[in-house]
Amino acid sequence: MTVDYERDVRPLLAASCLDCHGPKKQRSDFRVDVKKIVFAGGAGGLPAVVPGKSAESPLIHYVAGLDAEMQMPPAGKGDPLTPEQIGILRAWIDQGAAWPEHATTAGEESAQWWSLLPLAKPAVPTLAQPVGTPVDAFLEAKRAEKKLTASPAADRRTLLRRVAITLNGLPPTPDEIEAFVGDPDPRAYEKIVDRLLASPRFGERWAQFWLDIVRWSETNGSESNLYRKNTWPYRDYVIRAFNSDLPFDRFIREQIAGDALGVDEATAFLVSGGFVHAATVGREEPAIRQARSDRLDETIQSVSASLLGMTMACARCHNHKFDPIPQKDYYALAAVFQGLEYGHRPWRNAPDATARAARADSLLSQFNAVRDELRAATPSWTEEWPDHLETRFAPVRARAVRMTFVQPAVAVVEEFQIFGAATGETNLALAAHGATARSFKPAEALMREVGNVIDGKFGQTFAWRTREASEKADPTAPAPRFEIELPAEAAIDRVVISSDREALAHTDYLIEPGKATASGPRKYRVEVRGDDGAWREVAHVDLPVRVVPGGRAAAKNAAPAAPPNEATRALLSRLHALLRDYTDALPPPVFAGYFVPPVKTHLFGRGDPMAPREEVVPNGLTALRTDLKLTSESGDQERRLAYAAWLTDPQRNPLTPRVLANRLWLHVFGRGLVDTPGDFGQAGSSPSHPELLDWLASEFIASGWSAKLMIRQLVLSAAFCQSSAPNAEAETIDVDARLLWRFPPRRVEAEVLRNATLAVAGTLDLTMGGPGFRIHADKRRYEGWKVVDNFGPGTWRRLIYQENMRGIDDRMFTAFDRPECGQVTPKRTVSTTPLQALNLFNGDFIVTQAEKLAERVQREAGPDVAAQIKRIFALVHGRAPTATEAAAAQTLVAQDRLPALGRVLLNTNEFAFIE
Amino acid sequence: MKPHAHGPALAPAQFGPRLLDRRDFLRTAGGLAGSVALLRLLAGDNLLASTAGSVRPQIDSDQPYALRAPHFEPKAKQVLVIFCVGAVSHVDTFDYKPDLFKYDGQKPPGIPAVTFEGPTGNIAKPRWEFKPRGQSGKMVSELLPNVAALADDMCFIHSLTSSTSAHPQGENFLNTGFTLEGFPSLGAWVTYALGTANQQLPAFVAINDPRGKPRSGKNNWGSGFLPAAYQGTDFSAARPLANLGRPARISAEADRRAKHLLEAFNAEHARKFPGDTDLAGRIASYELAGRMQMSIPDVTDLKSEPAHVHQLYGTDTGTDLKKDYAKNCILARRLLEQGVRVVQLFNGSDAQANGISNWDSHANIESTHAMQAEIFDQPTAALLADMKQRGMLKDTLVVRCTEFGRMPFLQANGTGRDHNPDSFTCWLMGAGVKAGTSFGASDNFGFKAAQDASTLYDFNATILHLLGLDHERLTYYNNGIERRLTNVHGHVLKQMIA
């Protein structure tokens with residue numbers, strides 16, 4: 001008998017399974033009514049049915065109760081299947097599990113989902129009565145369907161404030177308002193728009209939206225939440241990209257593969273998320289693998305939320321429940337970034353890179369010359385590089401090297417390297433190259449095990465210590481020491497000792513920046529044994545104790561080495577001067593990730609890194625039939641370049657231009673055409689104006705991916721320029737004005753509220769770029785960041801330049817839905833809370849600015865109170881006060897003086913909303 | 001507990017409608033109040049793919065804290081979460097394991113070579129004597145004699161597991177259901193779902209340890225991707241809420257006059273946008289802030305508490321840390337009395353004071369736990385006994401938790417115990433809890449959960465259940481996923497419920 005799906009199988013599954021695995025519920029993310037899920041797998045990612053092999057089909061195992069814990073239906077959820085029913089299922093599977101295509105359900109139609117369809121430019125609707133721009137024609141067509149009409153044009157004062165905040169994030173000055181109100185030129189508004197688009201303030205406004213999405217922050221997050229030295233170049237890069245109208249496809253490619261395109265800082269995009277420091281991960285293998293998988297996940301979140309509009313998070317553990325994203329797609333994207341690691345790399349294109357390079361070259365040759373002189377003058381010497389010590393000696397044959405630390409203080413060695421002239425930059429002391437290490441200490445915890453010094457890894461988590469801080473110094477105990485045995489005798493001429501490279505080179509603001517160095521190795525002997533078996537001393541190092549403010553000084557009771565003679569001392573001092581200048585001239589490190597040879601990528605069962613399954617090659621989305629022609633052997637950069645090319649090729653990937661056009665719309669009108677800017681899948685919202693979205697996306701590409709031209713087009717539309725006045729009748733049809741029958745008024749963001757306050761008070765510092773301004777105190781490694789000054793004169797730059805510590809409340813504007821950078825933020829929430837009111841009415845920031853505002857008004861309006869009131873209204877609200885307002889204001893000023901009025905006005909709704 | 005409808009009477013505004021009753025104001029100003037169209041939903045993007053069965057609270061954006069109905073009849077209306085930061089050793093406190101005495105100093109098979117911080121040492125017996133307590137005879141150690149005396153009121157769970165053995169991730173996992181940062185905390189989920197009874201105090205208060213914040217800081221009481229309205233407000237007996245008081249340079253009279261003028265200006269402005277709930281919401285937030293300026297100093301003023309209460313909690317005996325924690329305990333009770341929906345009370349922090357920061361005891365289990373217990377025991381027991389005596393446990397659920405447990409063996413060559421995510425003990429008390437019982441069990445050593453192994457998802461699902469919330473239906477759409485406190489896991493532990 002041939003089993004028929006429709007006749008025999010579907011009713012059976014429907015009766016026994018559908019309640020929990022159907023449209024209503026998807027236990028374990030599994031559904032029996034969706035072909036794809038049955039054959040490809042649900043939460044487990046494993047197929048439930050293997051056609052032709054009923055014995056290997058989990059579905060049969062479950063219904064037959066082979067595994068008591070997985071008995072289906074479970075006890076209490078329905079009767080077990082009869083042997084006859086199981087027989088039907090087995091026969092169906094063994095006959096090939098035919099499932100006719102027409103028997104699919106809605107869940108499977110997603111391959112035809114609107115956002116995945118090829119991008120075609122729709123015709124602009126022709127209307128009986130032509131309106132404004134093409135954008136207006138699309139809008140009008142929709143409005144007409146609902147019998148809505150557009151509102152009349154907004155008055156010029158309102159419009160100017162609206163467009164100035166939208167484009168530059170700052171309100172217009174009274175002079176600008178009066179000029180615009182009185183400008184008879186029919187192109188008056190266009191001129192304003194072009195001026196605002198050309199202003200450097202444009203990039204400072206629009207960069208923030210991009211930084212939000214990828215939750216860009218200047219710390220790593222998690223417990224120690226260390227500062228990422230030099231990640232601000234990425235913030236400046238984004239501002240510059242918007243200001244120079246860098247074509248957006250180029251902008252994307254640079255952020256994915258800037259290392260190949262001459263923009264090192266751009267790849268900070270890939271590592272904008274937080275990660276857990278190795279010290280907090282612990283020693284257990286599952287935790288270490290999980291942490292790596294979490295880092296890649298952060299990168300995948302950034303890419304998918306900002307550029308793909310497809311949420312990949314679900315597919316980490318199982319096939320996507322709503323969208324055509326199999327679990328494999330998540331790991332294909334992980335494979336694209338398999339060569340990425342979180343950390344710093346040299347910023348080769350730093351602003352003065354060419355001059356620096358020339359300077360570095362010249363300094364290096366001078367440095368080498370002095371080194372040669374030293375070599376002639378002394379048998380050994382030690383160079384103090386910013387993040388390590390290098391002890392040099394005359395070339396010697398060595399089978400083993402012994403380090404003896406003659407100071408009793410705690411000294412840390414996180415990595416110990418041995419080099420020879422003939423072997424160049426090859427570290428002979430690596431365990432991976434066959435070296436072994438042993439130390440002479442009674443006990444060593446695994447974290448402090450001596451093998452850590454030759455494991456090729458920097459970081460104090462896995463270091464060796466002469467003794468633990470908790471141990472008492474014992475002057476009679478033998479000096480702590482370790483020996484490195486090389487696999488074969490080799491000529492060596494230097495050893496390198498690193499104690500805390502991270503703290504010294506890659507972070508900042510630690511109260512004990514050089515704790516390890518201050519108490520690190522300063523006095524030690526280097527001895528060498530050749531194949532002849534005899535130990536000989538090649539260096540006896542006795543450096544002055546480095547005292548770092550706040551750090552602990554090392555003990556000084558060790559026997560001093562023979563002091564170098566006068567000539568050597570002079571040479572050493574010249575050498576170190578050159579060393580410092582040379583180091584300064586090198587490319588500074590930028591936190592933009594670094595790249596390692598990618599390992600093979602495997603799909604993880606249920607997202608568990610301890611359950612690797614089949615190999616997955618780097619690729620884009622299956623639903624778009626992508627083939628990047630990459631393999632597990634493809635190089636790291638090749639992967640990212642191929643992926644970036646795919647992302648920005650609208651022929652192959654229609655998602656990115658749609659997502660970007662929607663984003664630009666969102667920040668002009670306060671709400672996207674698609675209301676879920678990070679999710680264009682079935683769980684997201686559908687576009688209010690699908691044709692308009694595709695038209696805009698096509699225009700965007702045609703314009704050479706110019707964000708400025710697109711934004712210009714939007715703010716020049718009649719829809720943007722119309723009044724925001726309410727209309728009771730229209731509200732009953734479309735309360736949120738999604739169809740834009742009026743310009744929807746909205747609250748300004750934290751940045752606008754703050755920057756506008758500074759602007760009207762006349763205190764705004766327009767210094768652009770560079771390191772941000774600080775509001776936090778220095779901290780210990782394991783301590784939170786504390787806000788110490790969020791209102792003083794040093795903090796009066798735009799908010800985008802405030803140092804942004806992940807997860808830290810700035811005690812002022814975080815309350816205004818400013819993202820804390822834990823998760824990607826495709827769209828900010830808008831909430832209204834009493835904490836906002838307390839901060840804005842009582843905080844030092846507003847009180848200070850109200851005083852500054854009053855000073856400015858007095859300066860500009862003179863002593864007459866009526867004139868002062870007129871001026872303060874002009875500055876804050878861009879208009880004259882009404883008679884009632886003026887009278888009430890006068891009463892307050894008479895009693896409580898002008899700053900009191902400033903405090904009130906800066907708190908008004910009128911100041912906090914765009915109308 | 002009855003919420004006050006209005007704050008203290010203000011002098012009449014100089015012009016425009018008075019804003020004391022905003023509903024009324026909207027009616028007069030806009031004539032649109034009550035229109036269904038005005039109900040704007042804050043609950044994420046309400047049009048989105050909410051899966052069948054998920055319940056998005058219907059939230060009026062101008063009244064984010066309004067009382068909202070639970071999913072079903074709740075056992076508890078409020079919750080107090082006492083979080084022992086740093087991981088309390090269950091085998092030295094509430095999980096009695098006689099085999100630890102038997103195997104003391106030995107290394108039986110089955111002990112791994114390496115745990116979180118490094119190599120393992122030998123089994124170590126509890127450092128404190130265990131004694132039977134109360135009617136139930138529950139064995140609790142002498143480390144916490146005062147808390148132990150209340151064992152008959154507690155329901156212990158001995159089979160909890162976490163998915164991480166690192167502190168910050170563990171704090172995140174316990175309080176947000178995810179090891180990563182940026183997810184909403186339990187308190188945020190609860191206030192998002194239920195609002196609060198007292199509109200003059202924050203709905204969710206996080207009382208930090210006198211030493212400072214826990215390792216994951218604000219993530220423990222953050223709102224994640226929920227609207228910022230639902231984040232916990234952090235203040236303590238010693239540290240007042242930032243910007244609560246009027247600026248020092250401004251007199252009380254001048255401050256009041258400024259508020260009135262602000263109300264008047266806003267009212268005038270609102271005439272242009274009749275019925276606009278966003279504007280009205282912001283006006284209301286200033287009123288609420290004004291009321292909090294009265295109510296928070298009231299509730300944090302512990303001088304009004306009689307001397308015997310101070311004595312009971314121990315605000316003037318023992319170490320300074322203990323005194324300050326005791327004050328926080330009194331504050332917790334006062335907040336709950338005033339109807340605050342969620343109070344989170346921290347015992348332990350990231351920052352150190354007097355040589356101790358929290359329960360983490362790698363170097364020496366005996367001395368660290370003893371120092372921490374000195375701070376914790378009397379004040380916590382007093383808080384619980386006081387709440388019981390006042391009848392507050394009828395409506396309030398108390399949760400005593402920690403991010404994971406500690407190992408039954410010592411760390412190699414040391415006297416401390418390493419992290420144990422595979423078995424640890426928490427307990428519930430108060431409304432809806434099956435008092436005087438224990439659920440689940442660890443193995444002979446307290447090394448791994450052995451019977452009724454449960455997850456923190458289960459634990460959080462149970463807390464939500466007691467508050468009348470179905471953890472599978474309490475959702476919020478974020479970036480493609482209908483998110484829950486319990487991710488896609490969790491079963492209510494019915495055995496802990498009365």
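Each chain gets a letter, A, B and so on, in the order the sequences are listed, and its residues count up from 1.
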Best-contacting candidate, [options], against chain A by heavy atom pairs under 4.5 angstrom:
| options | result |
| --- | --- |
| B:Asn219, B:Thr233, B:Val488, B:Ile250 | B:Ile250 |
| B:Gly245, B:Ala351, B:Ser163, B:Ser216 | B:Gly245 |
| B:His269, B:Glu171, B:Arg215 | B:His269 |
| B:Gly224, B:Gly182, B:Pro168 | B:Pro168 |
| B:Arg249, B:Arg246, B:Met292 | B:Arg249 |

Taking only Lys NZ, Arg NE, NH1 and NH2, and the carboxylate oxygens of Asp or Glu, determine whether [X] and [Y] approach each other closer than 4.0 Å.
| X | Y | answer |
| --- | --- | --- |
| A:Arg903 | B:Asp255 | yes |
| B:Glu181 | A:Arg806 | no |
| A:Arg747 | B:Asp276 | no |

Counting only non-hydrogen atoms closer than 4.5 Å, does [X] touch chain B with its backbone (N, CA, C, O), its side chain (CB onward), both, or neither?
| X | value |
| --- | --- |
| A:Ile808 | neither |
| A:Tyr782 | both |
| A:Asn909 | both |
| A:Leu901 | side chain |
| A:Gln290 | neither |
| A:Ser224 | neither |
| A:Asn842 | both |
| A:Glu910 | both |
| A:Thr833 | both |

Where is the tightest heavy-atom contact between [X] and [Y], given as atom of each residue plus distance?
| X | Y | answer |
| --- | --- | --- |
| B:Gly281 | A:Thr832 | O-CG2, 3.4 Å |
| A:Ser831 | B:Ala229 | OG-N, 3.4 Å |
| A:Pro745 | B:Phe273 | CG-CE2, 4.3 Å |
| A:Asn839 | B:Ala242 | OD1-O, 4.3 Å |
| B:Phe116 | A:Val281 | CE1-O, 3.4 Å |
| A:Gly784 | B:Asp350 | N-OD2, 4.3 Å |

[X] [atom1] to [Y] [atom2] distance, which is reported to the nearest 0.5 Å:
| X | Y | atom1 | atom2 | answer |
| --- | --- | --- | --- | --- |
| B:Asn243 | A:Gln836 | CG | CD | 12.5 Å |
| B:Arg257 | A:Gln895 | CZ | CD | 4.0 Å |
| A:Phe913 | B:Asp278 | CZ | CG | 5.0 Å |
| A:Thr829 | B:Tyr476 | OG1 | OH | 6.0 Å |
| B:Leu261 | A:Asn907 | CG | CG | 11.0 Å |

Test salt bridge (Lys or Arg N to Asp or Glu O under 4.0 Å) applied to A:Arg811 and B:Asp234, step by step
CA-CA 11 Å; A:Arg811 290 286 177 203; B:Asp234 64 315; 3.2 Å; yes
Heavy-atom proximity to chain A below 4.5 Å, by part of [X]:
| X | result |
| --- | --- |
| B:Lys213 | side chain |
| B:Gln169 | side chain |
| B:Ser349 | neither |

Under 6.0 Å between ring centres: does that hold for B:Phe265 and A:Phe873?
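Ring centroids of B:Phe265 and A:Phe873 are less than 6.0 Å from each other.
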Report yes if some heavy atom in the side chain of A:Leu838 is under 4.5 Å from a heavy atom in the side chain of B:Gln293; otherwise report no.
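When only atoms from C-beta onward are counted, B:Gln293 and A:Leu838 do touch, with a gap below 4.5 Å.
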Measuring only between side-chain heavy atoms, which start at C-beta, is A:Leu840 closer than 4.5 Å to B:Tyr286?
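Touching, per the 4.5 Å side-chain cut-off.
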Is a donor from one side chain sitting under 3.5 angstrom from an acceptor on the other, for A:Glu284 and B:His419?
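Per modelled atom types, A:Glu284 and B:His419 side chains form no pair under 3.5 Å.
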With chain B, which of A:Ala287, A:Ala900, A:Gly807, A:Gly221 has the greatest number of heavy-atom pairs at distances under 4.5 Å?
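Ranked by heavy-atom pairs under 4.5 Å with chain B, first place is A:Gly221.
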When A:Pro726, A:Pro819, A:Gly678 are compared by non-hydrogen pairs under 4.5 Å with chain B, the top option:
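The answer is A:Pro726.
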